[in-house]
A.B. asks: 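Let me begin by handing over the structure; questions about it come next.
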Amino acid sequence: DLLDKIMLQAEIQDIKANPDRDAECIVVEANVEKGLGTVATTLVQKGTLRVGDVFVAGETHGKVRALLSTSNNDRMKEVGPSTPVRVVG
């Protein structure tokens with residue numbers, strides 16, 4: 001129900017994110033996973049996040065080594081706005 005209201009407001013106000021820019025994301029949680037290293041679950045707010053992009057999160061920085069789907073761990077090459085993704089880096 002809440003998602004429907006948000007989608008309706010976004011449609012009425014014509015809210016759109018520009019996918020043709022550097023990505024801005026919010027880190028929801030981060031942890032260390034065996035075999036992967038540091039993994040951060042993020043939500044892309046603006047732009048497109050790609051494997052190989054440089055990231056900064058607080059005092060930490062690095063390079064995106066892999067993008068994994070939050071639902072089934074499939075690897076992705078890039079993700080656009082409003083997409084949840086697990087960032088390995």
Side-chain angles (χ1 to χ4, degrees):
D1 191 45
L2 177 61
L3 182 58
D4 291 334
K5 290 179 182 179
I6 291 171
M7 295 299 290
L8 178 62
Q9 284 295 321
E11 187 175 325
I12 290 171
Q13 295 178 17
D14 198 30
I15 298 174
K16 294 185 176 118
N18 181 3
D20 300 324
R21 60 170 286 180
D22 291 337
E24 288 184 25
C25 307
I26 295 218
V27 176
V28 178
E29 68 176 346
N31 55 17
V32 178
E33 292 188 20
K34 190 174 181 178
L36 291 176
T38 304
V39 179
T41 303
T42 64
L43 180 60
V44 179
Q45 289 187 314
K46 301 175 185 174
T48 301
L49 184 63
R50 296 176 180 85
V51 172
D53 283 355
V54 175
F55 66 85
V56 176
E59 295 180 10
T60 304
H61 61 86
K63 194 176 238 185
V64 176
R65 291 189 345 221
L67 297 170
L68 305 174
S69 169
T70 56
S71 59
N72 55 12
N73 279 345
D74 285 344
R75 288 186 178 253
M76 298 180 277
K77 293 183 180 180
E78 65 180 29
V79 291
S82 74
T83 306
V85 66
R86 297 175 65 221
V87 178
V88 180

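Predicted model, so just to flag it, every value in this text is computed and none were measured.
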A.B. asks: Mind listing the closest non-hydrogen atom pair of G80 and T83 along with its distance?
C.D. replies: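 What the structure gives for the nearest pair is O-OG1, 2.9 Å.
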A.B. asks: Quick one: do V87 and L36 end up in the same hydrophobic cluster if we chain Ile, Leu, Val, Met, Phe, Trp and Tyr together by side-chain heavy atoms under 4.5 Å apart?
C.D. replies: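 Not linked; separate clusters.
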A.B. asks: How many angstroms lie between NE2 in H61 and CZ in F55, if you round to the nearest 0.5 Å?
C.D. replies: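 With rounding to 0.5 Å, NE2 (H61) is 9.0 Å from CZ (F55).
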A.B. asks: Give the minimum heavy-atom separation between L67 and E78, together with the two atoms involved.
C.D. replies: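 Minimum heavy-atom separation between L67 and E78: CD1-CA, 3.9 Å.
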A.B. asks: Do V51 and V39 belong to the same hydrophobic cluster, where Ile, Leu, Val, Met, Phe, Trp and Tyr are linked whenever their side-chain heavy atoms lie under 4.5 Å apart, directly or via other members?
C.D. replies: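 Shared cluster, no.
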A.B. asks: Once you round to the nearest 0.5 Å, how far does CG of L49 lie from CG of L43?
C.D. replies: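 Spacing of CG (L49) from CG (L43) equals 11.5 Å.
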A.B. asks: Could you grab the distance from atom CZ of R75 to atom CG of L68, nearest 0.5 Å is fine?
C.D. replies: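 The distance works out to 5.5 Å.
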A.B. asks: State which residue, out of N31, N73, T42, fulfils the side chain to side chain donor-acceptor pair (under 3.5 Å) condition with R86.
C.D. replies: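 The single option meeting the side chain to side chain donor-acceptor pair (under 3.5 Å) with R86 is N73.
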A.B. asks: Of all heavy-atom pairs between P81 and G47, which one has the smallest distance, and what is that distance?
C.D. replies: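 So the minimum-distance heavy-atom pair works out to CD-O, 3.3 Å.
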A.B. asks: Measuring from T48:OG1 to D53:CG, what's the distance to the nearest 0.5 Å?
C.D. replies: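 Atom-to-atom, T48:OG1 and D53:CG are 9.0 Å apart.
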